[in-house]
Amino acid sequence: EIQTIETKLDNNILRIMLNLLIRDKTGCIPYASNYEGDYLNFIKNILENLGTVKEVEESMFPIITALSGSGPAWYYELSNQLVNSGTELGLSLEDSELIIKELVKALPALVDEDETFKDLVNKVKSPGGTTEAGLNSLNNDSFDTIILDAIRKATQKSTEISKELTNKTHFLNFDVRNQKAGFQALSSIPTEFNNIDVLLNNPRNSHGIYFAHSSTLSDWDDMIAGTVKGVFYVPQSPLYSMGAHHLVRILHYKSTSCEV
């Protein structure tokens, strides 16, 4: 949570919740921050190009995680069960898969922002028809309770994971370009964090979000130098403390970017 990070770092903090939909620049991107305004125009220049952005209270993140973060899985599982029902009643698996996939692909075009999902349901069903018969069966089997219980369980799990990460997280704040400072900081890691199996190293030295033509060579020099030094300096201290007997997998990933 933001308040936990604030006790360790004196920075502007932006927390966002993404899901698979941003791959196609769709979906909702909820966020919360500890500052006013749009720092570095990150929301406008980055997030708004990935989907629909919405500021929310951070306390709502576990619910949003259950609804939005896990959201694609709910629809995939419903689609999977529709496919299974089709095959159970006589369709081939190939035909059942085709019908449901085409259904799912066509549905977004039918969703109007001015209509509720209840309105959309009423558009499909007709009195005494096949859709109403199926909906009545869902209601009799407490479909609403089944969905609510699933979202409640996912929300509870999100809260538990957040608390677990808070209790099992140790923050270090230092300049990765300063070898001495890095060794001092990394040497202070509590004993329960000493036995590292996988070290994911992401050294960065960002100079903000600027257009490439407005940046300077010194900016690029500093960013690249910080990245390279971080690759070599950061892993050394924990590796020395563990000794040669312990196998550690080191994964380096880095980026030096600007807007073009």
Donor-acceptor pair, distance only, cut-off 3.5 Å: does the side chain of [X] make one with the backbone of [Y]?
X    : Y    : answer
N80  : Y76  : no
S70  : L67  : no
N178 : A181 : yes

Could you check whether any side-chain heavy atom of [X] comes within less than 4.5 Å of a side-chain heavy atom of [Y], counting everything from C-beta outward?
X   : Y   : value
Y39 : L14 : no
Y31 : V56 : no
Q3  : E58 : no
Y35 : I13 : no
N34 : N11 : no
N84 : E88 : no

- prompt: Listed by chain and number, what are the salt bridge (Lys or Arg N to Asp or Glu O under 4.0 Å) partners of K180, not counting sequence neighbours?
  reply: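 Checked K180 against salt bridge (Lys or Arg N to Asp or Glu O under 4.0 Å); zero matches.
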task: Identify, with sequence neighbours excluded, every residue that meets salt bridge (Lys or Arg N to Asp or Glu O under 4.0 Å) alongside D149.
output: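 Result, salt bridge (Lys or Arg N to Asp or Glu O under 4.0 Å) vs D149: R152.
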- prompt: Taking atom types as modelled, is there a side-chain donor on D119 or T116 under 3.5 Å from an acceptor on the other?
  reply: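 T116 and D119 do have a side-chain donor-acceptor pair below 3.5 Å.
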message: Side chains of Q156 and E160 only: does a donor on one sit below 3.5 Å from an acceptor on the other?
response: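 No pair is found: no donor N or O on one side chain lies under 3.5 Å from an acceptor on the other.
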field: Pairwise side-chain hydrogen bond (donor to acceptor under 3.5 Å, both in side chains) hits with a residue in residues 92-115, at least two apart
entry: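 The answer is S92-D95, E102-K105, E115-K123.
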message: Does E57, at its CD atom, have more than 12 non-hydrogen atoms belonging to other residues, nucleotides or ligands within less than 6.0 Å?
response: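 At most 12 heavy atoms, drawn from other residues, nucleotides or ligands, come within 6.0 Å of this atom.
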message: If you count heavy atoms of other groups shown closer than 6.0 angstrom to CG of D10, is the number above 12?
response: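 It does not: D10 CG has 12 such atoms or fewer within range.
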- prompt: Where is the tightest heavy-atom contact between M17 and G69, given as atom of each residue plus distance?
  reply: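 Looking at all heavy atoms of both residues, the closest pair is SD-CA, 4.2 Å.
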- prompt: Is F117 isolated, or which residues cluster with it under the ILVMFWY side-chain rule of less than 4.5 Å, directly or via members?
  reply: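 Once heavy-atom contacts under 4.5 Å are chained together, F117 belongs with V111, L120.
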field: Set of side chain to side chain contact (heavy atoms under 4.5 Å, CB included) partners for L21, sequence neighbours left out
entry: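 L21: side chain to side chain contact (heavy atoms under 4.5 Å, CB included) contacts with N19, T26.
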- request: Applying side chain to side chain contact (heavy atoms under 4.5 Å, CB included), name anything that partners L18, two or more places apart in sequence or on another chain.
  value: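 By the side chain to side chain contact (heavy atoms under 4.5 Å, CB included) rule, L18 matches I16, I22, I29.
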